[in-house]
Each structure stands twice: as C-alpha cells, then as structure tokens.
Amino acid sequence: MIHRTRLDIVKARGIEGPPDLVVEVISPSSRKRDKVVKSRIYAKYQVPEYWIIDPKGRTLEQYRLQGELYELVHLFEDDDQVTSDKLPCVSFALSDIFNDLKLFSFKE
C-alpha cells in the first residue's frame with residue numbers, strides 16, 4: 001500500500017521507493033519465507049509497516065520497523081479492530097475479512 005500523500009513514487013515503470021505497508025497472506029508452504037526471508041528484504045528497503053495474515057489461525061500480526069528489524073506491535077484476532085497509527089486511513093474488523101473468505105479452504 002502506498003499512502004495517497006506519497007503517490008509521487010508511483011511512476012510509469014513501477015514503484016520507485018518503499019511502500020508504506022506490505023501485507024503477506026501466509027500458507028503452510030510460505031510461512032518461513034514470509035516471516036523470515038521477506039521480512040529481512042522489506043526491512044532492508046525500509047518498509048515502515050509489515051503485516052502477516054494467517055488465514056488458518058485467523059490472525060493478523062502487525063510489525064513496525066524499529067531501526068533495521070521489525071517489532072511485533074500487535075496481534076489482531078477475532079473481532080479486533082485493525083488500525084494503524086502510521087496509516088490512519090486503515091480501519092476494519094478482522095473478522096469481516098475472514099468472514100468474506102469463507103468460500104476458500106485453507107488446508108495444510
């Protein structure tokens with residue numbers, strides 16, 4: 001996600017700069033890559049906020065960049081209201097997302 005105040009980084013050939021938020025939806029086969037490998041890459045490029053959504057566990061982990069590493073700042077579950085003080089335009093009930101995904105099956 002790129003906040004509307006930073007749309008100047010969107011160029012004809014692609015995004016030229018770090019997004020404000022990256023969201024990964026994990027599966028059993030991508031868990032290690034999403035939680036370890038990709039988080040290092042996003043930290044290297046200074047993406048300020050990184051979320052990991054686990055459809056099977058029905059959770060959202062919210063990480064913020066602290067120096068060169070991400071720190072878990074919130075674990076959302078059930079009916080928690082997902083918000084970000086870095087991205088005030090973001091607000092939704094986590095359960096709404098998962099209720100909309102009932103058509104999909106997340107198996108190991």
| query | Which pair of non-hydrogen atoms, one from Pro19 and one from Pro48, has the smallest distance, and what is that distance? | reply |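 For Pro19 versus Pro48, the nearest heavy atoms are O-CD, 3.4 Å.
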
Minimum heavy-atom distance between Ala43 and Glu68, given as atom pair plus value:
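Minimum heavy-atom contact is CB-O, 3.4 Å.
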
Please evaluate residues Phe98 and Asp78 with respect to the criterion side chain to side chain contact (heavy atoms under 4.5 Å, CB included), reporting the C-alpha separation (whole Å), side-chain torsions for both, the decisive distance (0.1 Å), and the verdict. CA-CA 9 Å; Phe98 291 119; Asp78 303 320; over 6 Å; no

Practice problem: Decide yes or no on side chain to side chain contact (heavy atoms under 4.5 Å, CB included) for Leu75 and Thr59, but give the supporting numbers first. | Solution: CA-CA 7 Å; Leu75 174 63; Thr59 60; 3.9 Å; yes

Backbone of [Y] reached by a side-chain donor or acceptor of [X] within 3.5 Å:
X     : Y     : answer
Asp80 : Val82 : no
Asp20 : Ile2  : no
Arg6  : Pro18 : yes

- Examine Leu72 and Leu65 and state if one hydrophobic cluster contains both, with Ile, Leu, Val, Met, Phe, Trp and Tyr joined whenever side-chain heavy atoms are less than 4.5 Å apart.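 Per the 4.5 Å side-chain linkage, Leu72 and Leu65 are co-clustered.
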
**Prompt:** Side-chain heavy atoms under 4.5 angstrom apart, residues restricted to Ile, Leu, Val, Met, Phe, Trp, Tyr: same cluster for Ile15 and Val23?
**Reply:**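 Different clusters.
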
Next on the checklist: Do the side chains of Lys38 and Glu24 get close enough for a salt bridge, i.e. N-O under 4.0 angstrom?
Outcome noted: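 A salt bridge is present here (some side-chain N lies under 4.0 Å from a carboxylate O).
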
Set of residues satisfying ring-ring contact (aromatic ring centres under 6.0 Å, His included) with respect to His74, sequence neighbours excluded: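 Here the qualifying residues are Phe76.
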
Min side-chain heavy-atom separation [X]-[Y] under 4.5 Å:
X     : Y     : answer
Tyr50 : Ser39 : yes
Glu16 : Lys11 : yes
Leu60 : Ile52 : no
Val22 : Tyr63 : no

Test log, rule salt bridge (charged side-chain N to carboxylate O under 4.0 Å, His left out), inputs Glu61 and Lys35: CA-CA 10 Å; Glu61 297 172 15; Lys35 293 191 120 187; 3.0 Å; yes

Using side-chain contact (heavy atoms from CB on, under 4.5 Å) as the criterion, list what pairs up with Val90, not counting sequence neighbours.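 Val90 satisfies side-chain contact (heavy atoms from CB on, under 4.5 Å) with Met1, Trp51, Leu87, Phe92 once adjacent residues are dropped.
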
Q) side-chain contact (heavy atoms from CB on, under 4.5 Å) with Arg4: which residues, sequence neighbours excluded? A)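 Per chain and number, Arg4 pairs via side-chain contact (heavy atoms from CB on, under 4.5 Å) with Leu7, Cys89.
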
Measuring from [X]:[atom1] to [Y]:[atom2], what's the distance to the nearest 0.5 Å?
X     : Y     : atom1 : atom2 : value
Leu21 : Arg64 : CG    : CZ    : 10.5 Å
Arg58 : Leu94 : CZ    : CG    : 7.5 Å
Lys86 : Gln62 : NZ    : CD    : 10.5 Å

- Query: Are a donor atom and an acceptor atom from the side chains of Ser30 and Asp34 found within less than 3.5 Å of each other?
  - Reply: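 Judged by distance alone, the side chains do pair up.
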
Would you sort out whether Glu49 and Tyr42 count as a side chain to side chain donor-acceptor pair (under 3.5 Å), showing the intermediate values?
CA-CA 9 Å; Glu49 196 159 322; Tyr42 300 144; over 6 Å; no

